[in-house]
Amino acid sequence: MSILATLNPAQKEAVETIQGPLLILAGPGSGKTRVITHRVAYLIRVCGINPYRIMAVTFTNKAANEMKERLEKLLGQTAGNLTLGTFHAICAGILRREGKAIGLDSRFVIYDEEDQLDLIKQSLLEVGLDPKHYTPRAIQSAIKAAKSRIWTPKDYAQHTHSYFDEIVHRVYERYQQLLSQSQAVDFDDLLMRTVQLFTDHSEVLNRYQSRYLHILVDEFQDTNITQYVLVKQLAEKHRNICVVGDPDQSIYSWRFADLRNILSFEKDYPDAKVVFLEQNYRSTKTILEVASNIISANLQRKPKNLWTENEIGVPLAIIETYSEDEEAQFVVGEIEKLVNNGAHLRDCAVMYRVNAQSRALEEAFMRYGVPYRLVGGTRFYQRREIKDIIAYLRVIHNPSDNISLTRIINIPSRGIGQRTLAELSAWARNQGMSLYDAIELVSEKKGPAFTTRITYALTNFFELMEKLRAKNGKLNLFDLIDKVIETTGYQQYLLAQENGEDRWENVLELRGVAEEYSELKPKEALATFLEKVTLVSDVDELDEKTDAATLITLHQAKGLEFPVVFIVGMEEGVLPHRKSFDDPEQMEEERRLCYVGVTRAQKQAYLLRAFRRSLLGGSSLNPPSRFLKDIPTNLVTIKGFWEEDKLTTVATPAPRPYSTLNLKTGDRVQHKMFGEGTVITCKQTKDDHEVTVAFKDIGIKRLLLSLAPLEKIEETSDI
DNA sequence: CGAAAGGCTCTTTTT
DNA sequence: GAGCCTTTCG
């Protein structure tokens, strides 16, 4: 069958335009992924282009895998040596091959953001600054911002405007030194250093430019300047660059994605052809219209006309509950109903703004025994025990890796404390050598003098690591991990901790992952494995086969679709998040986030909000989300405690001086929504009282006296 | 040195 | 509420 047969005219045009720059503006559900895959298949099959000469860049590993699978189906065979992956993965590959030119060992480690933060803290200390005064996080963010636009420390110095910039510059400079001492790069370096490599070594760039006849970039609205420059460099020779994206789905500006990349593509490539994909195949007419109404309130956008031939469908449901617990309860109850009516659990997804919101949901799913799958949360490869084992492997692979070495030098504890470590690293720094080499010298009595006991501990540690390093290349990865666990006594160490059993299970799972690499040569397996575990995320692993409801953040939901979508926390302060209140650009991004959520839905969408929400300890009364106000009322049904048009009329009751109420056990009280009840306990909290009340019909509720609309109707006569 | 406890801050999203 | 840091005590 022809590759073009199943495409609509716009899609066909996007696939067939293979000469010159091409911008594809693709609305949600418009078959964007189909177009990209078909385009690649078309290039290979119809135009006879060697896959070796095509590069396709995706945003997540999952998207890359999906594309690979679809491509294989389309071609009836693997696409062989096609370059397909995320920016980060592709750049890591280039740097492994070509890094020598810029002084990068091919065994370099990739530091994730936690490692990065550790290293920034260390840099702060080393340049003599107090981490209490300059928060490492703020500096991390400034450095990331710099790297997203290819600013080296030198460039940064040219752009300092404040004292803080000055500080950042000093830390940034030191930080890069430490990275290179450890033979390490961070996530942003993968991109930035590739650009630098290409800039400084035209012969390398030339090879890649000649090689890549066609370049495709997906999710172009989420690229940052560095990524854009990289793509431009690569495409300069053949100019066959195809970018696909949707400005309305740009939700990563906090990662320094720059919307201008897509908005000004036509300026950079005046001969660019632009194709609009506006037919939506995913959602009902109603869902699409609601989404359009939400997004069209943004000012910074190109209007577009989404349309669909799908049925009108049912109105969206706006659900108003009292608390996040009731919200969760409603979601679970409704999902059960849907399942009883023939839906599958896997058809349902619950989406939220921040991960912390998942807790109430999880509790409800657990309580009702409804299977669910949580995407994200504490990510597997971020767990402490996993990172410990990986740190051992990293040091085995690359002993210069000071951050990993620092991490494990005293885990399990072997008598090497902070003081020793500080002294040792200061010494190593002065000698200009790695921590590992310093330890070796100590064990040979040629290093700094320590007490006998500490020298002994360090020597033991060194010998342990040497023993493990000697196994590298001899044992396969799986056995190497076992060896690490065995010689370090990691299992006993872990089992002695809290949740030790669970955490040990995680380690076993990691072993399981390692098994997948048993076909590779041991050294290669280790290298591949280490790269994989840092560049992989949780959505990538999302298993769609098991029948369970999905709990997922709105960000992670991008690119996915579900028959039924619940968006919880449609409140001011949550969605839109309060951090965006004073910045119109960020507010527009919140709106896009909401838009992304709604457009995930195929058949049915529920928008939920709670009157009162406890999040991160405190509780607050949030007015309904402003986005709800942009939905025409004829497209929704509203259900809740407040029958009438409460979207605009819910007043936040002023906190009353609770001292006047003075409740005690046994008092009868009246609540605006729950009716009459009896006080069970009344407990003083920091600056409030927490009252537990038994309401008839409704049950037991815990309320805050300052917030709850409570009135005393009868005082108990008992004591 | 190390374990335990208490106090502190910071709470968005992820390759 | 959790994680991180500092302090304290053994």
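Labels below follow one simple rule: chain letters A, B, ... track the order of the sequence lines, proteins then strands, and each chain is numbered from 1.
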Between [X] and [N], is there a side-chain N or O to OP1/OP2 distance below 4.0 Å?
{"X": "A:Asn355", "N": "B:dT12", "answer": "no"}
{"X": "A:Asn410", "N": "B:dC1", "answer": "no"}
{"X": "A:Thr553", "N": "B:dT12", "answer": "no"}
{"X": "A:Gln556", "N": "B:dT13", "answer": "no"}

Report the nucleotide, chosen from [options], that has the shortest atom-to-atom distance to any side-chain atom of [X].
{"X": "A:Lys579", "options": "B:dT14, C:dC5, B:dT11", "value": "B:dT11"}
{"X": "A:Glu113", "options": "B:dT13, B:dT12, B:dT15", "value": "B:dT15"}
{"X": "A:Arg353", "options": "B:dT11, B:dT14, B:dT13", "value": "B:dT13"}
{"X": "A:Ser413", "options": "C:dC4, B:dA3, B:dT15", "value": "B:dA3"}
{"X": "A:Ile454", "options": "B:dC1, B:dA3, B:dT14", "value": "B:dC1"}
{"X": "A:Tyr252", "options": "B:dT14, B:dT15, B:dA3", "value": "B:dT14"}
{"X": "A:Thr135", "options": "B:dC10, C:dC4, B:dC1", "value": "B:dC10"}
{"X": "A:Arg359", "options": "B:dT12, B:dT14, C:dA2", "value": "C:dA2"}

Interatomic distance, [X] [atom1] vs [N] [atom2] [rounded to whole Å]:
{"X": "A:Gln140", "N": "C:dC4", "atom1": "CD", "atom2": "P", "result": "13 Å"}
{"X": "A:Gln357", "N": "B:dT11", "atom1": "CD", "atom2": "P", "result": "16 Å"}
{"X": "A:Ile409", "N": "B:dC1", "atom1": "CD1", "atom2": "C1'", "result": "14 Å"}
{"X": "A:Asp115", "N": "B:dT15", "atom1": "CG", "atom2": "C1'", "result": "14 Å"}

Check: A:Arg353 main-chain N/O paired with A:Gln357 side-chain donor or acceptor under 3.5 Å: yes
Side chain A:Arg96, main chain A:Phe108, donor-acceptor under 3.5 Å: yes
Counter-base of B:dT12, judged by Watson-Crick or G-U geometry with both distances under 3.5 Å: none
Identity of whatever pairs with C:dT8 - Watson-Crick or G-U, under 3.5 angstrom: B:dA3
Just to be sure I understand the rule, does [X] reach a base, reach only the sugar-phosphate, or reach nothing, if contact means heavy atoms closer than 4.0 Å?
{"X": "A:Phe87", "answer": "nothing"}
{"X": "A:Arg419", "answer": "sugar-phosphate"}
{"X": "A:Lys558", "answer": "nothing"}
{"X": "A:Asp112", "answer": "nothing"}
{"X": "A:Ile416", "answer": "sugar-phosphate"}
{"X": "A:Ser580", "answer": "nothing"}

Position toward the 5' end of DNA chain B (nearest nucleotide), A:Arg414 or A:His577: A:Arg414
Along DNA chain B (nearest heavy atom to each residue), the more 5'-positioned of A:Glu589 and A:Gly415: A:Gly415
If the threshold is 4.0 Å, N to carboxylate O, is there a salt bridge linking [X] and [Y]?
{"X": "A:Asp246", "Y": "A:Lys558", "answer": "no"}
{"X": "A:Glu324", "Y": "A:Arg612", "answer": "no"}
{"X": "A:Lys144", "Y": "A:Asp188", "answer": "yes"}

Side-chain touch A:Asn224/A:Arg255, heavy atoms, less than 4.5 angstrom: no
From CD (A:Glu571) to CG (A:Asn622), nearest 0.5 Å: 5.0 Å
Atom C1', compared across C:dC5 and B:dT12: separation rounded to whole Å: 24 Å
Donor/acceptor link under 3.5 angstrom from A:Trp254 side chain onto base of B:dT12: no
